[in-house]
Amino acid sequence: MAEGLQQVLTPEGELSGELPFGIDETRRLYRAMVAARLYDRKGTALQKQGRLATYAPFEGQEAAQIGSAAALRSDDWMVATYRDAAAMAYHGYPRTLLVLGRMGDERGGSPPEGVNALPPSITVGAHMLHAVGLAWAEKLRGRDRIALTYFGDGATSEGDFHEAMNFAGVFQTPVVFLCENNHYAISLRRDRQTAAATIAGKAEGYGMPGVLVDGNDLFAVYSVTAEAVQRARSGGGPTMIEALTYRLGPHTTSDDPRRYRSGEEEAEWRERDPLERVRRYLAGADAWTPGWQKAIEAEESAAIEAAVEEAEAVPAQRPEDIFASMFAEMTPQLKAQQRTLLESLA
Amino acid sequence: MAEGLQQVLTPEGELSGELPFGIDETRRLYRAMVAARLYDRKGTALQKQGRLATYAPFEGQEAAQIGSAAALRSDDWMVATYRDAAAMAYHGYPRTLLVLGRMGDERGGSPPEGVNALPPSITVGAHMLHAVGLAWAEKLRGRDRIALTYFGDGATSEGDFHEAMNFAGVFQTPVVFLCENNHYAISLRRDRQTAAATIAGKAEGYGMPGVLVDGNDLFAVYSVTAEAVQRARSGGGPTMIEALTYRLGPHTTSDDPRRYRSGEEEAEWRERDPLERVRRYLAGADAWTPGWQKAIEAEESAAIEAAVEEAEAVPAQRPEDIFASMFAEMTPQLKAQQRTLLESLA
Amino acid sequence: MAQAINQALDQAMAADPRVMILGEDVGRTGGVFRVTDGLQDRYGEDRVVDTPVAESGIVGAAFGLAVGGMRPVVEMQFMGFSYPAYDQVISHVSRIRNRSRHRFTAPLVIRIPYGGGIGAAEHHSESAEAIYAHIPGVKVVVPGSPGDAKGLLLAAIDDPDPVVFLEPIRLYRAIKEEVPEERYTTPIGESRVIRPGEDVTVVAWGSMLREARVAADLLEEEGIDAELLDVRSLVPLDEDGLISSVEKTGRAVIVHEAPRTAGLAGELIALIQERALYSLEAPVARVTGWDTVFPLKRSEHLYLPNPQVIARAVHRVMAA
Amino acid sequence: MAQAINQALDQAMAADPRVMILGEDVGRTGGVFRVTDGLQDRYGEDRVVDTPVAESGIVGAAFGLAVGGMRPVVEMQFMGFSYPAYDQVISHVSRIRNRSRHRFTAPLVIRIPYGGGIGAAEHHSESAEAIYAHIPGVKVVVPGSPGDAKGLLLAAIDDPDPVVFLEPIRLYRAIKEEVPEERYTTPIGESRVIRPGEDVTVVAWGSMLREARVAADLLEEEGIDAELLDVRSLVPLDEDGLISSVEKTGRAVIVHEAPRTAGLAGELIALIQERALYSLEAPVARVTGWDTVFPLKRSEHLYLPNPQVIARAVHRVMAA
Ligand SMILES: Cc1ncc(C[n+]2csc(CCOP(=O)(O)OP(=O)(O)O)c2C)c(N)n1
Ligand SMILES: Cc1ncc(C[n+]2csc(CCOP(=O)(O)OP(=O)(O)O)c2C)c(N)n1
Ligand SMILES: [Mg+2]
Ligand SMILES: [Mg+2]
């Protein structure tokens, strides 16, 4: 069922397939990728300065995230991971909250009403089942929202991946599984994660279509995701997409990739930079200039700075707040513990 | 990778493939199947009389179990389930101990040295990982023993199935996964267990061969298992086999299949009885007579009766024994608890 | 009790279209204990769902269903098969409200048949309530009677937060008791004095209540007046109910089936001595399962606390 | 402490070819805490195995390896990621000896980094030792110093039964201490008095020992002489060591990071009052984490017991 690799734009920026949209939309999504990269670099910088607790860079995976997120309707569900800030921000999860969460503040996990995205999953695997359940709920409630869930190549080894795929197949829930195969799970190479030829090929074992796509090709990712979303929305059931991509940076800011991969390999993938690919295409269509690049970088940087400032300006939670969200109403035990804490701080 | 259905003997007892062995061996294995069925019916009868705590009948699955178990070397590992008494007994697990276990006595889980079989697994799924680990240990120790693990169609939905298949693929452990697809997991039909076309087809997702075989065909089951065993033993890695079969009886003695399936369906599968198929073949080859049938039934029944008697003659464990196998040496807590129990009984 | 639970589920489903049931064999056959019998016929396959054999999948999908606005009631076939779903419970079900500061919630009920006494195969007789009670963010309740089973289950389904609902297997068919027809709830977090007494407090839950009640009868004949307290709600615990009983009697025996070490008796004893040490006239005694695997049929009588053992523990605390 | 553990693993692997290591990222990179650094270079990819991301798979396969004659030491990357393997531990690892009446055994060690204090993301700061201690059939140990880490780990690897080996993350790089070069073992099941004292027993383990020690220093300045007891072995517990200390001092404070309800303090208190009630001059106090999710970085100081809180609890029991 897994077809050959889907590609629309070669790494050189040449068309090799059908464009899903025109120049204006391309420029809009290119800009979103630029913004994502700026955000990502800011994240690493902030962490190095001690202003974030941890950060998991996604540089190199912007097309996989933006291309797929762009195929969603704004009220669809997104269930993503610690590495999917580009997709989440695109789907409307406020950057301020993403930053706040990374600072180590629970309020980062609380998106505004109307943003249908769970807080980024830290555990590997479990969240795919949540997406299946959310999609199922929409189906049972007779609505046509779908759920898109992101996960890595490593996550495909977890039992929960299997159970999620299987439930989606059996109950035909409107869900799209998007695997960002960035070739590493921390230090483990994709070829040691599974002996399967492709991850997309695993879909057949669950009776659903599996699609292999060049994950650094914005157009191709959009196209295959849009098709899968359409299938889900129209009652055609789930799809799994494997987006071949690469994490150009470390696993997190405390990881050192030199321990497990070569500079040459990184350089090779740097050549396949998903932003540069679209930039070349736009330039070839006379729709990109250095001046425009500078302008959007300046504007997006300013927006990101503003989000960071806003996050950092959020006053600390009150000590009593650590008890206040365990249940709708605090139990007597929690109330007593809250009192004890407040007394001890008095 | 999953090939078409492997079959050697049609339900009518006609040859449709290559025989893996001659008449003598066929008679020997036929006899083992007859013995298994007698044992199985005895199990149900004993449970009805209150002499066993529970019993899980396997009638209809004798060829799947005996055909595969016969492909093992006597020092290979067998890791099977509550429904695999035919395979286990064939592999040398004393029937006395199988009965003892079913009576509710832990000593049934303790096969003699030299019998390389874990006690029957009650949990669904987990034991497949144990087989992977055992096979891996043999490989690391430079021996050529392999592990064969049995499981049902229901078990393929568990996360542990997935993790076991994946580890076997990645570490190329010498293990054979034998799925007895008897079309039901308690009341759930196979087509609601997974949306996949076949279970054998799932193997590809782990980079291993998957084989679909007529599980009621003794010869075909033997052939495909022998090939898989040979592959594993010679360093060629794991294989998954899906044996299509049917549980003619209830899930356990406390189940009522009429709640979830029709008498017609049962009757259809009764037509494909794995014993009758071989009997017809033997009869056609002038290697079966009613007299011989009577004789082997009498002998095997006597052996089974003897095993049951032996099990029932095993004196009860001593009360202190419930503490004695928790660790190599009892902890002070266990010693104290043991004392307390003995005092309370005094 | 099985019937009372069935009735509660029926009433909840009739009243609220968001309520649905998921589990292994819950639909077509009505569950291995027939607790959900007839419900699939009544409410359809979309609302009474036979799932694949995958416990983490059941709870993980139910989590998504709950966050998405449904009210799933899931069944784990036996407590011994609930462990594959433990990660979903401790890592997600119990935490999404806190993680999202009330933005998302997972109001689901996880029904788990538990406990021994039916001579079952391994893994079918476990009492691991402590590992659920230790999870911040879930409530854990255990009915000891059909009436409570109905009322507590309806309360659990109404509850805006996840509830682990433990069903003592031994009581499914053991107790005949008229249960009120109409819908009612029994508040979570309240213990109940089943038998008032002056001399010693016997604390128990689930099927141990029956043993404790017989013990109390035996003790009565000897002139010992035991108060029997049904905890019912393990989390949140009715501390005041527990303490006031022990303050009155000055002595206590805690009974549970689960293994002793790190079992819930420890928690109750910690509370008692924190708040009522000076009322204690003797050490609180524990009557529990041993620190062993639950034995198979032929030996299970050696494991399970029974009235004699409970009575003997009471003698001990009375003598001290 | 990370180095001491590395040394223990190195010595065990050098001495016994059956010893092998499995886990996520343990080989190529030497683990996220670099505890297994250099071992794959030394012992090869067959003996230091980078596994797929599948915790149940790791423990389940290690179970098979152990039954098959190997001596696997597995690493769970963080305690918060050990729960998917909980079923394998409670249902199989802990039981195969009993299930087979000594015919099969699973001598494996499960190393689990645990505890908070490093401002990590959710799931990276948990202390769920109670759910492991409640499993009959596994031992549970927690070193509080590099010397104990080495000795206890070597004892765990030698042990013929499964051992859950908890490593306090906060202490990996915190304590500088010379560890003897040669191979030695520290017996499992023995507590250790870290600081003798007459007035009150403070019981702790893992990283809480450091907090308790600072508290003891604070208290000393006030003239309160606290005895600090390192439990080290949660299962089996050194009951005699605990009881004799409390009998001497008459007062006790138990400290743990884990949530309070159904945490291990309850077990210790139950034991103390069972065996030393009449020595107690005050209720035993608990200083524990709250019944909440472990908070993220900005709030974790509100959750973790610290010297001031411990000292305050000691004041309370001294005043009673
Ligand atoms: C259940 C679980 N196990 C282990 C971890 C530790 N861990 C965090 S990320 C990661 C690797 C995941 O790799 P992959 O799925 O490929 O995603 P990527 O980080 O490459 O985006 C691991 C093992 C975890 N977070 N959750
Ligand atoms: C982990 C786990 N979940 C649930 C059960 C209860 N259970 C026992 S057998 C069974 C069905 C298994 O079906 P299948 O794998 O097809 O094997 P079969 O019984 O048909 O041989 C179930 C759900 C169990 N034993 N273990
Ligand atoms: Mg990856
Ligand atoms: Mg089956």
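What's counted below: heavy atoms across the whole structure, side chains too, no hydrogens, waters or symmetry copies. Here is how names work: the chains are called A, B, and so on, in the same order as the sequence lines, proteins then strands, and each is numbered from 1. If you're wondering where the values come from, they're calculated on a predicted model, not measured in any experiment.
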Which of the residues [options] is involved in the greatest number of heavy-atom pairs with chain C at under 4.5 angstrom?
| options | value |
| --- | --- |
| Val235(D), Ile131(D), Val89(D) | Ile131(D) |
| Glu122(D), Arg99(D), Gln273(D) | Gln273(D) |
| Thr292(D), Leu264(D), Val284(D) | Val284(D) |

Using 0.5 Å steps for rounding, measure from the [atom1] atom of [X] to the [atom2] atom of [Y].
| X | Y | atom1 | atom2 | result |
| --- | --- | --- | --- | --- |
| Arg286(D) | Glu267(C) | CZ | CD | 4.5 Å |
| Thr261(C) | Leu271(D) | OG1 | CG | 7.5 Å |
| Ile90(D) | Tyr86(C) | CD1 | OH | 9.0 Å |

Using every non-hydrogen atom in the two residues, find where [X] and [Y] come nearest and quote the distance to one decimal.
| X | Y | answer |
| --- | --- | --- |
| Ala130(D) | Ala262(C) | O-CB, 4.1 Å |
| Gly80(C) | Ser91(D) | O-OG, 4.3 Å |
| Ala282(D) | Tyr278(C) | CA-OH, 3.5 Å |
| Gly266(C) | Ala270(D) | CA-CB, 4.0 Å |

> Would a 4.5 Å heavy-atom cut-off, applied to side chains only, mark Leu277(D) and Leu277(C) as touching?
Replying inline: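 When only atoms from C-beta onward are counted, Leu277(C) and Leu277(D) do touch, with a gap below 4.5 Å.
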> What part of Gln88(D) is in contact with chain C, defined as an atom under 4.5 angstrom from a non-hydrogen atom: side chain, backbone, both or neither?
Replying inline: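 No part of it gets close to chain C.
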> Considering only heavy atoms, which portion of Glu281(D) lies under 4.5 Å from any heavy atom of chain C: side chain, backbone, both, or neither?
Replying inline: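 Only the backbone of Glu281(D) comes within 4.5 Å of chain C.
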> With respect to chain D, which residue among His123(C), His134(C), Glu126(C) yields the maximal number of heavy-atom pairs within a distance under 4.5 Å?
Replying inline: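 Heavy-atom pair counts peak at His134(C).
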> What do the steps show when you test Arg97(C) against Val293(D) for side chain to side chain contact (heavy atoms under 4.5 Å, CB included), and what is the final call?
Replying inline: CA-CA 10 Å; Arg97(C) 182 188 287 278; Val293(D) 176; over 6 Å; no
> Which answer fits Ala265(C), side chain, backbone, both or neither, if we ask what part of it has an atom under 4.5 Å from a heavy atom of chain D?
Replying inline: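 Neither part, no heavy atoms under 4.5 Å.
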